[in-house]
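Down below is the structure, laid out as structure tokens.
Keep in mind it's a predicted model, so treat the numbers as computed, not measured.
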Amino acid sequence: MAGGFDPRPLVLTALLEPAVQARFEALRRLHFPAERNQVPAHVTLFHQLPGRELEAVRRRLRAVCGQVPPQAVAVTEVQFRGSGVAYKLRSPGLVDVRGELADGWDTLLIPQDRAGFQPHMTVQNKAEPAVARESYRMLSSEFRPFDTLATGIAIWRYCGGPWEALGTAAFRGR
């Protein structure tokens, strides 16, 4: 559909440094059930914003992201999630940026996006519990905490499973 009038929802994710993003993408390809792995490894900031608001979302992202520098992110632990595995992230700065964006979109947020933000990177979901436990055991045994940066925010259009990339807004501030 032309312009910003496509009603399909928007998903916003944090962008990590390319090498770290590639590392998580490789883990996702290895551990996520292949038939269900339709999107790249991601840190979801907002699960569903109205697609008709695309241009307003872009404007707000440019305004907010342009004022903040890349945000420190600590990858702190591997988490077992019943049917999958995620890496817990700690980033007060990214939480603050997300909070500022959420305040400006208060009337647009679904309950899931109002419920708070606990940053994480899922590398396995919708797996059989025994498979997930084994993945958790393996990934936990080799995990060492590390630091990276969130470099901006990506905008995606939800297309009934896969996502369509619609652009990014870099953290540019000093």
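Here R62 contributes atom CZ and R59 contributes atom CZ; the two are 7.5 Å apart, rounded to the nearest 0.5 Å. To the nearest 0.5 Å, the span separating CG on L49 from CD1 on I155 amounts to 9.5 Å. Within the model, atoms NE2 of H47 and CD of Q112 stand 4.0 Å from one another, a figure rounded to the nearest 0.5 Å.
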Intermediate values then yes/no, side-chain contact (heavy atoms from CB on, under 4.5 Å), L139 and V123 | CA-CA 10 Å; L139 292 170; V123 295; 4.1 Å; yes
Show your working on side-chain contact (heavy atoms from CB on, under 4.5 Å) between Q21 and M121 and close with a plain yes or no.
-> CA-CA 10 Å; Q21 183 67 40; M121 173 72 76; 4.2 Å; yes
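By the 4.5 Å heavy-atom criterion applied to side chains, E77 and R90 are not counted as neighbours. Looking at V57 and L12, their side chains come closer than 4.5 Å, going by heavy atoms from C-beta outward. Proximity of Q124 to V131: side-chain heavy atoms (C-beta onward) are separated by under 4.5 Å at one or more points. Between F24 and V75 the shortest side-chain heavy-atom distance falls below 4.5 Å. Using a 4.5 Å heavy-atom cutoff, the side chains of R28 and P40 are not in contact. Here the side chains of E53 and L108 are in contact, with some heavy-atom distance below 4.5 Å. The shortest distance between side-chain heavy atoms of R114 and D106 falls below 4.5 Å. In this structure, the side chains of L54 and D6 stay at 4.5 Å or more apart for every pair of heavy atoms.
Cluster partners of I110 are absent, since no Ile, Leu, Val, Met, Phe, Trp or Tyr has side-chain heavy atoms less than 4.5 Å from it. Annotation for L15: hydrophobic cluster partners, listed by chain and number, are none (ILVMFWY side-chain heavy atoms under 4.5 Å, direct or chained).
V85 and L30 end up in different hydrophobic clusters when Ile, Leu, Val, Met, Phe, Trp and Tyr side chains are linked at under 4.5 Å. A single hydrophobic cluster is seen to contain both F146 and L27, as judged by linkage of ILVMFWY side chains at heavy-atom distances under 4.5 Å, directly or through other members. Hydrophobic clustering (ILVMFWY, side-chain heavy atoms < 4.5 Å, transitive): V20 and L149 are in distinct clusters. Side-chain heavy atoms closer than 4.5 Å link hydrophobic residues (I, L, V, M, F, W, Y) into clusters, and following such links, even through other members, never connects L10 to V39.
Distance alone, capped at 3.5 Å, is enough to place a donor-acceptor pair between the R98 side chain and the L45 backbone. Side chain of R157 to backbone of L166: no donor-acceptor contact under 3.5 angstrom is found.
Heavy atoms from other residues, nucleotides or ligands lying under 6.0 Å from CD of Q38 number more than 12. The neighbour count for R23 CZ, taken as heavy atoms of other residues, nucleotides or ligands under 6.0 Å away, does not exceed 12.
Contacts of Q67 classified as side chain to side chain contact (heavy atoms under 4.5 Å, CB included), with partners at least two apart in sequence or in another chain: none. Remark: L101 pairs with F46, R60, L61, V64, V97, W105, I153 by the side chain to side chain contact (heavy atoms under 4.5 Å, CB included) rule, at least two apart or across chains.
Just one residue in the list V95, T76, V43, L94 forms a side chain to side chain contact (heavy atoms under 4.5 Å, CB included) with L89, and that residue is V43.
For the 3.5 Å distance criterion, the side chains of N125 and R81 fail to qualify, holding no donor opposite an acceptor. Between the side chains of S91 and Q71, no donor-acceptor pair of N or O atoms lies under 3.5 Å.
Sorted by first then second residue, the side chain to side chain donor-acceptor pair (under 3.5 Å) pairs that include residues 138-156, not counting sequence neighbours, are T13-W156, E17-T148. Listed by first and then second residue, the side chain to side chain donor-acceptor pair (under 3.5 Å) pairs that reach into residues 160-173 come to none, sequence neighbours excluded.
When every heavy atom of A132 is checked against every heavy atom of S83, the shortest pair comes out as CB-C, 3.7 Å.
Salt-bridge formation is detected for the pair E25/R29: a Lys NZ or Arg NE/NH1/NH2 atom is positioned less than 4.0 Å from an Asp or Glu carboxylate oxygen.
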